[in-house]
Amino acid sequence: MLHPVPTLKETPSQTAGPYVHIGLTPNFAEIKGVYAADPGSTMLTPDTKGDRITIVGKIFDGAGAPVNDALVELWQADGDGSYVAPMAPNSNSAPAFTGWGRQPTNGDGVFSFETIKPGPVPGPDGKPMAPHVNLWIVARGINIGLQTRLYFEDEAEANGQDYVLSKIMDPRRRLTLIARKEAGDVPRYVLEIHLQGDKETVFFDM
């Protein structure tokens, strides 16, 4: 007698949960990790070339309350518009700038990265996209990590021609991806990220 071959069933996604920081940012809050610094906490070295900037994000839930237990990863090109990857064109096997960072939000739902202004990279149509960084967000209640971007307020001309921004038909929705610039010795770019609600940030299905 033949028995049916068992098949694997799809299981639901798991949220990041309250323990994500133990594995990914073990020095967060009162937790003492095994590393002197968490992986991804620092993006710059003395040899990093480019214009220094600080990126600041503020994450809010659907009720407008700050999300104080989110985890954010950032990927970006270097100042010349090149990503660091073993097989990428113009890649550097021992880079002074990795283009990757990871930070938790604090009690006010704020994260920040000290980095450099990225250069433009080619879009799917081969034309340069506006300078931007890619953000990945996980937190309690988020079953699949959220993908979004941060563009720069002072790149208005490039933003107006950007491949991705041009796909967002509602101009008000485009604004959810553009960080405002705050002057200082090191320029700060600040973006509010709303996970739900009337001000919801544009997220991408990737």
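Computed from a predicted model, the values in this text were never measured in an experiment.
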So does [Y] get a backbone contact from the side chain of [X], meaning a donor-acceptor N/O pair under 3.5 Å?
X	Y	result
S166	Q161	no
Q76	I116	yes
D162	V164	yes
R52	V186	no
D78	D80	yes
R188	R180	no

If two hydrophobic side chains count as joined below 4.5 Å and joins carry through other members, does [X] share a cluster with [Y]?
X	Y	result
I144	V67	no
V110	V138	no
L24	W100	yes
F203	I142	yes
I53	L150	yes

Item to check | K117 to F152 six-membered ring, cation-pi geometry met (6.0 Å, 45°) | outcome: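 Because its charged atom sits under 6.0 Å from the ring centre and within 45° of the axis, K117 does stack over F152.
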So, for [X] and [Y], which heavy atoms are closest and what is the spacing to 0.1 Å?
X	Y	value
T105	D69	OG1-N, 3.5 Å
F111	P104	CB-O, 3.8 Å
M129	P122	CE-O, 3.6 Å
A77	G119	CB-O, 4.2 Å
L177	R149	CD2-O, 3.4 Å
K199	T176	O-CG2, 4.2 Å

Within a reach of under 6.0 Å around [atom1] of [X], are more than 12 heavy atoms found that belong to other residues, nucleotides or ligands?
X	atom1	value
D170	CG	yes
D51	CG	no
E182	CD	yes
Q147	CD	yes

Nearest 0.5 angstrom please: [X] [atom1] to [Y] [atom2], how far?
X	Y	atom1	atom2	answer
T54	F113	OG1	CZ	11.5 Å
L195	T201	CG	OG1	7.5 Å
L135	W75	CG	CH2	9.0 Å
E155	Y189	CD	OH	7.0 Å
H194	D61	NE2	CG	10.0 Å
L146	I193	CG	CD1	9.5 Å

Next on the checklist: Could you check whether R102 pairs with E73 (Lys NZ or Arg NE/NH1/NH2 to Asp/Glu carboxylate O, under 4.0 Å)?
Outcome noted: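 Yes, charged N to carboxylate O under 4.0 Å.
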Checklist entry - Within a strict 4.5 Å, meaning less than it, do heavy atoms of the Q103 and S41 side chains meet? => result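 Counting from C-beta outward, Q103 and S41 do come under 4.5 Å.
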Next on the checklist: So, using side-chain hydrogen bond (donor to acceptor under 3.5 Å, both in side chains) as the criterion, who are the partners of K127 when residues are at least two apart?
Outcome noted: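 By the side-chain hydrogen bond (donor to acceptor under 3.5 Å, both in side chains) rule, K127 matches no residue at all.
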Next on the checklist: Holding to side chain to side chain contact (heavy atoms under 4.5 Å, CB included), I want the full list of residues that pass it with I178, two or more places apart in sequence or in another chain.
Outcome noted: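 Listed in chain order: Y151, E153, N159, L175.
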Item to check | Evaluation steps, side-chain contact (heavy atoms from CB on, under 4.5 Å), between K58 and V190 | outcome: CA-CA 8 Å; K58 302 178 181 179; V190 181; 4.2 Å; yes
Next on the checklist: Before you tell me yes or no, could you show the steps for L74 and M43 under side-chain contact (heavy atoms from CB on, under 4.5 Å), namely the whole-Å CA-CA distance, both residues' side-chain angles and the distance that decides it to 0.1 Å?
Outcome noted: CA-CA 10 Å; L74 179 152; M43 297 185 66; 3.5 Å; yes
